[in-house]
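The structure presented is a predicted model; accordingly, all values stated were derived computationally and were not measured. Residue numbering restarts at 1 for every chain, and letters A, B, ... go by the order of the sequence lines.
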Amino acid sequence: MRPWQKEGERMTVRLRYAPSPTGHLHIGGARTALFNYLYAKHMGGEFILRIEDTDLERNVDDAADKFADNLRWLGLEWDEGPDVGGTCEPYISTERLEIYGEYVSVLRQRGLAYACYCSEEELAAERDARVAKEEMPRYSGHCRHLTEAEVMDYEAQGRKPAIRFRVPDDAVVSFRDLIRGELNFEPGSMGGDFVIVKSSGIPTYNFACVVDDHLMAITHVMRGEEHISNTPRQLFLYRAFGWEPPLFGHVSLILGPNGKKLSKRDESIVQFVEQYRNMGYLPEALFNYLALLGWSPGGERELYDKAELVREFALERVHKSGAYFDPAKLAWINAQYLKSQSVANLLLVLRPLVERFVRDLPDHIDDVWLAEWLSLYQDRISSLGELPVAGRTFLIRLPELDDEAKSMLNQETAQAVVRAFLRHVESVPSWTKETIKPLFKAVQIDTGSKGKDLFMPIRAAALGQLQGPDLHRSLLLLGKGRLRERLQNALSSS
RNA sequence: GGCCCCAUGGUCAAGCGGUUAAGACACCGCCCUUUCACGGCGGAAUCAGGGGUUCGAAUCCCCUUGGGGUCACCA
């Protein structure tokens, strides 16, 4: 029974994602958030966003807002958090300093925590000495039993103490991980008394996290595997306070191309959510892909919407082993969503993208034009960001002829086809789907060319490449005026 | 190095003592198509190794090997 739990009340699960605002939301963080969200929602519980900004030096100004923005974009909405509020406010560590202070006092009064005056240099020297002896680096407990005189002496030197938690000497810890099962830790493997308040007066992650999770009634903590070794320390704290700890689940890591944990500094891979967003990836697709990375609902399906994922999500099916992040598969999933969505919907994403990618938008571009342009390429690209590249020829005045197109147009018969086509284009009264189609038949009669010999020269002259979307529709989109200009250019330049 | 975690094709993965070891991405081939894509069909490709347990192991146990995480007044 937890203090906040009323008699007979069924406890709702509460999970949180607690990023530190030191950078951008990356794939691994997003997936952790996603799993927490999926489980919370699957259980009909609550998902909470908390900002852990206890590392003042590394905090980045608007990182927290960006995290929130990208999390929302992905489709992860939280029930409580810094901007939406909630019953456990505030949701930002640095606004909870007083709270932490109270709990630190409790520990100190009970003799479970003590001031440590060791300087950074002294600690480093101690660590080096142990490493030199091939021992595990571990705090010696130097300040465990300082006399009053020693304390006064340190204070007189102007030293600012950190507060350490007194780890029981015979400490054995084990807990049942939601994903990995029983986990045991040998005594002495935990590094000795650990710091809970830095000499700056700011608590460390391990301390703030425990106090916050308890006060916020978090029932399940799902986090990356790199936190496994923090868990014993946090468990000590729960024990010291007499609190029932939440259930812990450690999710495997997402691996980069080198087989190691994704590093924010690794530039060989696009790993920030915002980057995919900027490339025109659809949030539903990223959501879908991330959910299936390290978890599987079983069966043969690859495409699931959010509601289905929430319904299917099960901790038992979360993988223990790490998973390589595969941008190609993500691209494929995104392509599937791209094909299935309405052009009108896609336009909402596309318009800002185009405005950002294309300078000096030609004035023939309006929503109707954009819609047609997009639909021409909809099943040929895997993300909207590829459209300005793939469909570039429609944005510029004259096409950029590639080598194949050039050699095509060098052929005598090709010249004749283009010449005849130009003649018919000029004489056609209107420019519609219906009027374009017969022009090809007319050219065929005039020149005797048909099939590839007929279509390719026109494609080359009009679009600059031998491959591309449907020719009739392309010419319609191009417009009669620009097409004529291109045909003339093709004839005069060769 | 200590402690801890992990191990089915190149990648994501299904499989929970008896299967010809699913499916998807990527790759290759064929078909469709005026081109390229899309789509369809087909192909190559996996149980890290060694011991047990068992009538029978990808599935259970042990060891080895390999990979990873962590050892901060970072989270």
Side-chain angles (χ1 to χ4, degrees), chain A residues 18-23 52-55 57-58 93 116 118-120 123-124 127 130-131 133-139 160-164 177 179-180 183-192 194-206 208-209 223-232 250 252-253 255 257 259-261 289 292-303 316-317 319-333 335 339 377-381 390 404 408 440 450-456 458-460 463 465-472:
Chain A
S20 66
T22 54
E52 273 172 4
D53 59 347
T54 50
D55 187 343
E57 274 98 64
R58 294 204 308 161
S93 297
C116 168
C118 294
S119 69
E120 216 173 297
L123 256 16
R127 192 166 41 238
R130 282 187 185 271
V131 171
K133 281 191 283 180
E134 297 202 323
E135 285 176 27
M136 186 202 165
R138 168 180 210 288
Y139 178 63
K160 291 271 176 280
I163 310 296
R164 283 182 189 269
D177 190 278
I179 294 166
R180 288 150 208 279
L183 256 34
N184 305 295
F185 298 85
E186 287 200 3
S189 71
M190 265 97 50
F194 58 92
V195 172
I196 57 174
V197 180
K198 308 175 213 175
S199 55
S200 63
I202 309 289
T204 58
Y205 158 76
N206 276 127
C209 176
R223 64 212 326 191
E225 188 184 304
E226 72 268 31
H227 284 291
I228 289 182
S229 56
N230 277 322
T231 310
H250 292 92
S252 67
L253 267 12
L255 279 17
K260 298 188 194 243
K261 174 172 108 169
Y289 176 72
L292 263 32
L293 197 57
W295 170 68
S296 162
E300 301 183 358
R301 277 179 66 191
E302 304 289 334
L303 269 18
E316 301 75 54
R317 300 191 63 92
H319 267 236
K320 294 189 189 81
S321 47
Y324 281 80
F325 176 70
D326 182 6
K329 178 105 180 212
L330 205 209
W332 178 80
I333 288 185
K339 274 184 281 199
Y377 285 91
Q378 191 170 8
D379 60 5
R380 319 173 60 82
I381 53 178
E404 282 180 321
M408 165 62 69
F440 287 87
K450 59 179 181 180
K452 281 190 188 182
D453 294 336
L454 171 63
F455 289 94
M456 280 306 163
I458 295 172
R459 179 180 286 282
L463 303 170
Q465 293 185 322
L466 300 191
Q467 72 279 45
D470 182 81
L471 187 54
H472 293 161

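Residue-level contact check: A/L253 touches the backbone only, with heavy atoms under 4.0 Å from sugar-phosphate atoms and none from bases. Contacts of A/R138 with the nucleic acid, taken as non-hydrogen atoms under 4.0 Å apart, are absent. Residue-level contact check: A/N206 touches neither bases nor backbone, having no heavy atom under 4.0 Å from any strand. Among the heavy atoms of the strands lying under 4.0 Å from A/S199 is at least one base atom, whether or not backbone atoms are also near. Counting non-hydrogen atoms under 4.0 angstrom, A/A162 reaches a base of the nucleic acid.
Listed candidates were B/C12, B/A75, B/A26. Nearest to the side chain of A/A323 is B/C12. The side chain of A/R317 approaches B/A14 more closely than any other nucleotide in the set B/U35, B/A37, B/A14. Closest approach to the A/I228 side chain among B/C5, B/A14, B/C25 is made by B/C5 (side chain taken as heavy atoms from C-beta onward). Distances were taken from every side-chain heavy atom of A/E300 (C-beta onward) to each of B/A24, B/A22, B/C5; the shortest belongs to B/A22.
Side-chain N/O atoms of A/S200 include none lying less than 4.0 angstrom from OP1 or OP2 on B/C73. Residue A/K198 has a polar side-chain atom (N or O) positioned under 4.0 Å from OP1 or OP2 of B/C74. Residue A/H250 places no side-chain N or O under 4.0 Å from the OP1 or OP2 atom of B/U70. Between A/S20 and B/C74 there is no side-chain polar atom (N or O) within less than 4.0 angstrom of OP1 or OP2. Listed pair A/K329 / B/A13 fails the phosphate criterion, with no side-chain N or O lying under 4.0 Å from OP1 or OP2.
Using the Watson-Crick or G-U wobble rule with both distances under 3.5 Å, B/A37 pairs with nothing in any strand shown. Pairing partner, B/U53: none, since no Watson-Crick or wobble contact has both distances short of 3.5 Å. As the counterpart of B/C3, B/G69 is assigned, both hydrogen-bonding distances of the Watson-Crick or G-U wobble pattern falling under 3.5 Å. Across every strand in view, B/C74 sits unpaired, with no contact that passes the Watson-Crick or G-U test at under 3.5 angstrom.
Proximity of a side-chain donor or acceptor of A/K198 to a complementary backbone N or O of A/T54 within less than 3.5 Å is detected. Remark: side-chain polar atoms of A/N230 are not paired, donor with acceptor, to backbone N or O of A/N206 under 3.5 angstrom.
Here A/R58 pairs with A/D55 in a salt bridge; the nearest charged N to carboxylate O distance falls below 4.0 Å.
Using bins of under 30°, 30° to 60° and over 60° for the plane-to-plane angle, the ring pair A/F440/A/F455 lands in the parallel bin.
Proximity of A/S200 to A/E57: side-chain heavy atoms (C-beta onward) are nowhere separated by under 4.5 Å.
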